[in-house]
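Here you go, one structure.
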Amino acid sequence: MATVNNLESLLVSLTDCTSGDDVTVRDLLNAVGRRSYGPILLLLGFIAVTPLTIIPGTSWLVALITLLIAGQIVIGRKFPWVPRRVLDISFPRAALVAGVEQAGKYVRPVDRVLKPRLAFLSGPPFVALAALVCVAAALVTFPLGLIPFGPVLPGLTVLLFGLGLTARDGFVLVAAGAGLAGAVWLLLRVWTALPFG
């Protein structure tokens with residue numbers, strides 16, 4: 001397992017630490033480190049914006065795991081816990097690799113701007129507030145999962161939160177809040193467009 005401290009190290013871990021035709025949730029969590037919240041949320045956010053979400057139900061599964069992980073940050077649990085049944089869920093590794101390849105050209109420009117700043121926002125009590133943002137993003141994902149590309153904005157919120165927490169970059173955590181605002185705005189627009197909205 002490589003140390004995950006930015007997007008590039010996440011992608012390297014996902015490709016180098018997994019193998020075979022299928023990968024399980026357990027494999028993915030082991031690849032990024034199952035005892036750290038930041039890399040896990042970074043992984044979940046990454047999956048939420050990759051081709052893996054084309055697989056029916058994946059967006060909702062990722063949102064459910066995000067809800068579980070972020071909720072544990074809110075209640076102050078030191079290490080994340082995931083049910084065994086969820087850990088055994090598998091995905092085609094080819095879809096994961098495709099997502100890694102697509103993201104490869106974007107990660108270095110993003111990683112270049114990462115640096116420890118406003119680092120106090122990545123520690124208590126602010127980290128619990130940021131985790132609530134992830135909880136809200138996960139909840140918004142469920143209704144947005146019914147429309148094409150709807151879960152992308154909340155997924156980006158979780159990605160940014162995981163990135164900010166991993167890199168101790170409070171500026172990115174603030175940006176995650178803006179991502180949630182965009183997701184809520186999209187949900188409200190969709191809701192008002194419905195016949196009963």
Residue pair Phe46, Val158: steps toward the side-chain contact (heavy atoms from CB on, under 4.5 Å) verdict: CA-CA 8 Å; Phe46 174 74; Val158 176; over 6 Å; no
Arg93 and its side chain to side chain donor-acceptor pair (under 3.5 Å) partner, picked from Asp21, Thr18, Asp27, Asp22: Thr18
Cluster link Val82 to Leu44, ILVMFWY, side chain under 4.5 Å: yes
Heavy-atom side-chain contact between Leu28 and Leu96 under 4.5 Å: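 With C-beta onward as the side chain, the pair touches.
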Nearest heavy-atom neighbours spanning Ala128 and Val74: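 It is O-CG2, 3.9 Å.
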Ala137 to Pro154 - nearest heavy-atom pair and separation: O-CB, 3.3 Å
Worked check of side-chain contact (heavy atoms from CB on, under 4.5 Å) between Ile69 and Gln72: CA-CA 5 Å; Ile69 297 296; Gln72 291 177 66; 4.2 Å; yes
Pairing of Lys115 and Asp169 as salt bridge, 4.0 angstrom limit: no
Leu14 side chain reached by Leu43 side chain, heavy atoms, under 4.5 Å: yes
Atom CZ of Arg108 with >12 non-hydrogen neighbours under 6.0 angstrom: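 No - once you tally the heavy atoms of other residues, nucleotides and ligands closer than 6.0 Å, there are 12 at most.
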Over 12 non-hydrogen atoms of neighbours within 6.0 angstrom of CZ in Phe142: yes
Distance (rounded to the nearest 0.5 Å) between Cys134 SG and Leu129 CG: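 Cys134 SG to Leu129 CG: 12.0 Å, rounded to 0.5 Å.
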Minimum side-chain heavy-atom gap Leu159-Leu163 below 4.5 Å: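 Counting from C-beta outward, Leu159 and Leu163 never come under 4.5 Å.
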Distance (rounded to the nearest 0.5 Å) between Ile40 CD1 and Leu165 CG: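 Answer rounded to 0.5 Å: 10.5 Å.
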Atom pair CD/CG of Gln102 and Leu11 - distance to nearest 0.5 Å: 11.5 Å
Side-chain heavy atoms of Leu87 within contact of Thr24, under 4.5 Å: no
Hphob cluster co-occupancy, Leu7 + Val97, side-chain heavy atoms under 4.5 angstrom: no
Spacing of Ile89 atom CD1 and Ile65 atom CD1 [to the nearest 0.5 Å]: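 Those atoms lie 6.0 Å apart.
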Min side-chain heavy-atom separation Trp81-Pro83 under 4.5 Å: yes
Heavy-atom closest pair, residues Val135 and Ala70: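 Closest pair (atom of Val135, atom of Ala70, distance): CG2-CB, 3.8 Å.
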Step-by-step side-chain contact (heavy atoms from CB on, under 4.5 Å) determination, Leu173 to Leu118: CA-CA 9 Å; Leu173 295 176; Leu118 302 176; over 6 Å; no
Within-4.5 Å side-chain heavy-atom neighbours: Phe161 and Thr66: no
Minimum-distance pair of heavy atoms, taken over all atoms of Ser13 and Ala31: CB-O, 3.4 Å
Minimum heavy-atom distance between Ala48 and Gly155, given as atom pair plus value: CB-CA, 3.6 Å
Residue pair Leu42 / Val32, side-chain heavy-atom distance below 4.5 Å: no
Any Val62 side-chain heavy atom under 4.5 Å of Thr58 side chain: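 When only atoms from C-beta onward are counted, Thr58 and Val62 do touch, with a gap below 4.5 Å.
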CA sep, side-chain torsions, deciding dist, call: Asp88, Val25, side-chain contact (heavy atoms from CB on, under 4.5 Å): CA-CA 6 Å; Asp88 291 335; Val25 172; over 6 Å; no
